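Below: one structure, written as structure tokens.
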2 protein chains.
Amino acid sequence: MVNYHSVPLDATFHALADPTRRAILMRLAKGPLLVGELAQPFDMSLPAVSKHLRVLSQAGLLAQEKSGRVRRCTLLAAPMRDAAQWIRHYRQFWEGQLDALDHFLRSTGPPMEPK
Amino acid sequence: MVNYHSVPLDATFHALADPTRRAILMRLAKGPLLVGELAQPFDMSLPAVSKHLRVLSQAGLLAQEKSGRVRRCTLLAAPMRDAAQWIRHYRQFWEGQLDALDHFLRSTGPPMEPK
DNA sequence: GTGATAGTTAACCATGTGGTTAAATATAAT
DNA sequence: ATTATATTTAACCACATGGTTAACTATCAC
């Protein structure tokens, strides 16, 4: 049972599963930011933010460019595009399953209905 | 404290971050399956599969319809559509950042450059 | 009834996660 | 050289995760 986030898609979805990390990505979507700027609005310590940045880096979603004692964080889009593609690839099937959902809801009925 | 009120997205992305769960979803995309049928191709115990199914259920991605001593699992698409929408919403920005990636790669040089 | 079948729950284990504070590192400013 | 600033690393904590085996529940078949 080694690093089960070694698969790129695993790492990408894992990175997206945390609201702090999604917020970081949302802010970086508007342009690169320094670590300190990135951390400022969050109510958590700098090391906590640093850990989130490491998760994002390991998922290939973030590049850090060191410039003096400052680190400029840049969003990298490619892995997220892969994630979107995975979802899109199955969307046709899911949409085919929407009728199955209706059937399921009808067959089980409201929670308190006598069986 | 920032509230991103995005707990469902957390659950959806977390569910997608595991290759076993993605494989389960991929198979369910072709139509409902019983738990046993679902578990058969995986090299892990039934309780392990059962746990994955519970994660998927809690993420709202799976419905289980009990019929006799058998449970029919049906994929529910809606949360996945929300996840895709989250990604799609930021795609325009990421694509704007592709040039920033090029700039980053040029400015930092090859990976093994001496520090 | 007895037994087989489908599946979950319980208890456990090793490791991962998300957070903390304190110390370390590196660079800039004086 | 000293000090302040930006950021990471280390050590720690409580809890979650992904897996196991064993025991339990529920249903079907005889």
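A note on names: the letters A, B, ... follow the listed sequences, proteins ahead of strands, and every chain is numbered from 1. The structure presented is a predicted model; accordingly, all values stated were derived computationally and were not measured.
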Specify the separation, in whole Å, of atom [atom1] of [X] and atom [atom2] of [N].
| X | N | atom1 | atom2 | answer |
| --- | --- | --- | --- | --- |
| A:Leu46 | D:dA4 | CG | P | 19 Å |
| B:Arg71 | D:dC28 | CZ | C1' | 16 Å |
| A:Lys66 | D:dT8 | NZ | P | 10 Å |
| A:Gln64 | D:dT7 | CD | P | 9 Å |
| A:Asp10 | D:dT17 | CG | C1' | 13 Å |
| A:Gln58 | C:dG18 | CD | P | 12 Å |
| A:Leu53 | C:dG18 | CG | P | 13 Å |
| A:Leu16 | C:dG18 | CG | P | 12 Å |

(request) Looking only at side-chain atoms of B:Met44, point me to the closest of D:dG18, C:dG7, D:dT20. (result) D:dT20
(request) Choose from D:dT9, C:dT8, C:dT9 the nucleotide whose nearest atom is closest to any side-chain atom of A:Arg54. (result) D:dT9
(message) Quick check: do B:Pro41 and B:Arg27 have side-chain heavy atoms less than 4.5 Å from each other?
(response) yes
(message) So A:Pro19 and B:Asp10, do their side chains get closer than 4.5 Å, heavy atoms only?
(response) yes
Is the phosphate of [N], meaning OP1 or OP2, less than 4.0 Å from a side-chain N or O of [X]?
| X | N | value |
| --- | --- | --- |
| B:Ser50 | C:dT8 | yes |
| A:Ser45 | C:dG19 | no |
| B:Lys51 | D:dT20 | no |
| B:His14 | D:dT17 | yes |

(request) Could you grab the distance from atom CG of A:Leu46 to atom CD of A:Gln40, nearest 0.5 Å is fine? (result) 11.5 Å
(message) For a quick test of reading the model, state the closest non-hydrogen atom pair linking A:Leu62 to A:Ser57 and the distance between them.
(response) CD2-OG, 3.5 Å
(request) Give me the one residue out of A:Leu75, A:Thr74, A:Leu38 that meets side-chain contact (heavy atoms from CB on, under 4.5 Å) with A:Pro32. (result) A:Thr74
(message) For a quick check, tell me whether the side chain of A:Arg69 and the base of D:dT7 share a donor-acceptor pair closer than 3.5 Å.
(response) no
(message) Both A:Ala17 and A:Gly68 contact DNA chain C. Which one's nearest nucleotide lies toward the 5' end?
(response) A:Ala17
